[in-house]
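These numbers come from the heavy atoms of this one structure, side chains and all, not from hydrogens, waters or symmetry mates. None of these values were measured; they are calculated from a predicted model.
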There are 2 protein chains.
Amino acid sequence: MATTELAITISDAEWRVMRIVWTLGQADSRTIIELLEQQHDWKAPTIKTLIGRLVKKGALGTTKNGRQFIYTPLIAEQAAMDGALLNELDQMCAMHRGTALVHVMEQTELSKTDIQSLIDCLAQKLPTAPDMVDCDCLPDGCEGSCEP
Amino acid sequence: MATTELAITISDAEWRVMRIVWTLGQADSRTIIELLEQQHDWKAPTIKTLIGRLVKKGALGTTKNGRQFIYTPLIAEQAAMDGALLNELDQMCAMHRGTALVHVMEQTELSKTDIQSLIDCLAQKLPTAPDMVDCDCLPDGCEGSCEP
DNA sequence: CAATTAAGATTACATTTGTAAACGAAGGGA
DNA sequence: TCCCTTCGTTTACAAATGTAATCTTAATTG
């Protein structure tokens, strides 16, 4: 491919802005600022800065509406969520990822439908799953001696 | 409680150092530097800086061993992993977390044991799970109108 | 038409992070 | 004892991030 697709990174604060726009589908700055001023004690200029950075990053698109802009998401919420979580998980020890996911599950509220999807997904993986996933914290042949 | 326990944050680069020390249980800087120089093209001083920052943050402890130090983890790997993932997930829309976890599952290699633990955990949650988890992206009473 | 308001753009500044060079002290070998 | 290798410490510097004031311009209002 020609253009090297480097993933957009969204910072924590910027994530708050994206959530508003994702949820509303589109929004002008007035709306975004009003909603975020309620949730955080951010000043309007702070939020304007975040919006500006997101536009520059290509996470938000703009449409002129008279004097102002209407902002729309240029990246999908679910894809951004999946990517952020996978990134985080991928930088951790492969051997311990499963346990981490168990702990995350335990502490996350899930709908019946979500739970069913997860169970289905897991049931499908089970037959071909390895007995153990090796630690990948050390280079090449160094055995990760991660015993207790 | 007296001391307000503010969680230690470990950056991506620092995470690499922690993984070495977690896996080995303890290590001197020589060992850490040698291992990391293989995995990344980091210079020794870079790795020294990272080690220094982790000590200052309280993530690594030191024991004097002659002229040099032996570094040991002061925080548990699994707890750090769990916390980092939960933090990430918690800043995302509650309604979409389940789907994100499905996608993460699909793309993560898990052992049979892990899968079984996850299924057990999910089966246990199922009876009391809600039919739906509401979107929490907008303040207070604003209904998250997240329909397709 | 003048004064005010609101929207976006520019500038600001401290902290964290990635990445590394330079420096100083302590041991080891000649 | 003197130099060189190591180790840890100090300093460096750009980019990203959190947080915000100021400025410019265009529209609203009297």
Side-chain angles (χ1 to χ4, degrees), chain A residues 6-21 24 26-72 75 80 83-84 87-88 91, chain B residues 6-21 26-72 80 83-84 87-88 91:
Chain A
L6 48 158
I8 295 174
T9 53
I10 296 172
S11 77
D12 286 3
E14 288 163 359
W15 200 272
R16 307 302 305 196
V17 176
M18 290 306 293
R19 285 179 65 182
I20 300 283
V21 185
L24 297 180
Q26 63 173 58
D28 55 28
S29 66
R30 182 91 301 269
T31 306
I32 299 173
I33 289 170
E34 265 165 23
L35 291 174
L36 284 178
E37 276 178 334
Q38 287 178 248
Q39 304 184 273
H40 309 277
D41 49 353
W42 288 345
K43 310 296 180 221
T46 299
I47 302 167
K48 288 184 188 178
T49 298
L50 294 173
I51 294 174
R53 288 179 185 169
L54 286 166
V55 171
K56 187 177 316 176
K57 283 182 180 183
L60 288 180
T62 56
T63 313
K64 199 106 196 170
N65 175 238
R67 57 227 138 269
Q68 60 179 49
F69 286 132
I70 293 181
Y71 299 96
T72 48
I75 60 182
N87 259 353
E88 193 80 18
Q91 86 175 340
Chain B
L6 47 157
I8 295 174
T9 52
I10 296 172
S11 76
D12 286 3
E14 288 163 0
W15 200 273
R16 306 303 305 198
V17 176
M18 291 305 294
R19 285 179 64 181
I20 300 283
V21 186
Q26 62 172 55
D28 54 28
S29 65
R30 184 91 299 267
T31 306
I32 298 172
I33 289 170
E34 265 165 24
L35 291 175
L36 284 179
E37 277 180 332
Q38 287 179 249
Q39 305 185 270
H40 309 277
D41 50 353
W42 288 344
K43 310 296 180 221
T46 299
I47 301 166
K48 288 183 187 179
T49 299
L50 294 173
I51 294 174
R53 287 178 186 169
L54 285 166
V55 170
K56 186 177 318 174
K57 283 182 180 182
L60 288 179
T62 56
T63 314
K64 198 106 196 170
N65 174 238
R67 58 224 140 271
Q68 60 180 52
F69 286 133
I70 293 181
Y71 300 96
T72 47
N87 258 353
E88 193 80 18
Q91 88 176 339

Taking [atom1] from [X] and [atom2] from [N], how many angstroms apart are they, rounded to a whole number?
X	N	atom1	atom2	answer
A:Glu37	D:dT19	CD	P	14 Å
A:Ile33	D:dA20	CD1	P	13 Å
A:Leu36	D:dG18	CG	C1'	14 Å
B:Gln91	D:dT17	CD	C1'	13 Å
A:Trp15	D:dG18	CH2	P	13 Å
A:Arg30	C:dA6	CZ	C1'	8 Å
B:Ile32	D:dC7	CD1	P	12 Å

Response to the item:
Sorted by chain and number, sequence neighbours left out, salt bridge (charged side-chain N to carboxylate O under 4.0 Å, His left out) with B:Glu37 holds for none
Fill in: Interatomic spacing from CD1 in A:Ile32 to CZ in A:Arg19 - rounded to 0.5 Å
14.0 Å
Worksheet item: Around atom CG of B:Asn65, are there more than 12 heavy atoms of other residues, nucleotides or ligands at under 6.0 Å?
Response: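 Yes - once you tally the heavy atoms of other residues, nucleotides and ligands closer than 6.0 Å, there are more than 12.
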Worksheet, complete the sentence: A correct 5'-to-3' footprint of nucleotides 18-25 of chain C, with B, S and - meaning base, sugar-phosphate only and no protein heavy atom under 4.0 Å, is BBBB----
Item to complete: Please check the phosphate of D:dC7 (OP1 and OP2 only) for any side-chain N or O of B:Tyr71 closer than 4.0 Å.
Response: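 It does not, given that no N or O in the side chain of B:Tyr71 lies less than 4.0 Å from OP1 or OP2 of D:dC7.
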Worksheet entry | side-chain N/O A:Thr9 vs D:dA16 OP1/OP2, d < 4.0 Å | no
Worksheet, complete the sentence: Sorted by chain and residue number, the side chain to side chain donor-acceptor pair (under 3.5 Å) partners of A:Gln39 (sequence neighbours excluded) come out as none
Worksheet item: Looking at residues at least two apart in the chain, or sitting in another chain, which of them share a side chain to side chain donor-acceptor pair (under 3.5 Å) with A:Gln26?
Response: none
Worksheet item: Sub-3.5 Å donor-acceptor pair from the side chain of B:Arg16 to the main-chain atoms of B:Ile47, do we have one?
Response: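 The answer is no, because no donor-acceptor pair under 3.5 Å joins these two groups.
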Item to complete: Enumerate the residue pairs fulfilling ring pair (Phe, Tyr, Trp, His ring centres under 6.0 Å) with a member in residues 26-52 of chain B, sequence neighbours excluded, ordered by first and then second residue.
Response: B:His40-B:Trp42
Discussion item. According to salt bridge (charged side-chain N to carboxylate O under 4.0 Å, His left out), does anything in residues 26-35 of chain A pair up with another residue at least two apart or in another chain? List the pairs.
Written reply: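 Output for this query lists A:Arg30-A:Glu34.
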Discussion item. Quick test of your reading: applying salt bridge (charged side-chain N to carboxylate O under 4.0 Å, His left out), list the pairs with at least one residue in residues 45-71 of chain A, sequence neighbours left out, ordered by first then second residue.
Written reply: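 Qualifying pairs, neighbours excluded: A:Glu14-A:Lys57.
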Practice prompt. Can you sort out which residues in residues 54-69 of chain A have a heavy atom within less than 4.0 Å of DNA chain C? Ascending by number, please.
Written response: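 Heavy-atom contacts with DNA chain C come from A:Gln68, A:Phe69.
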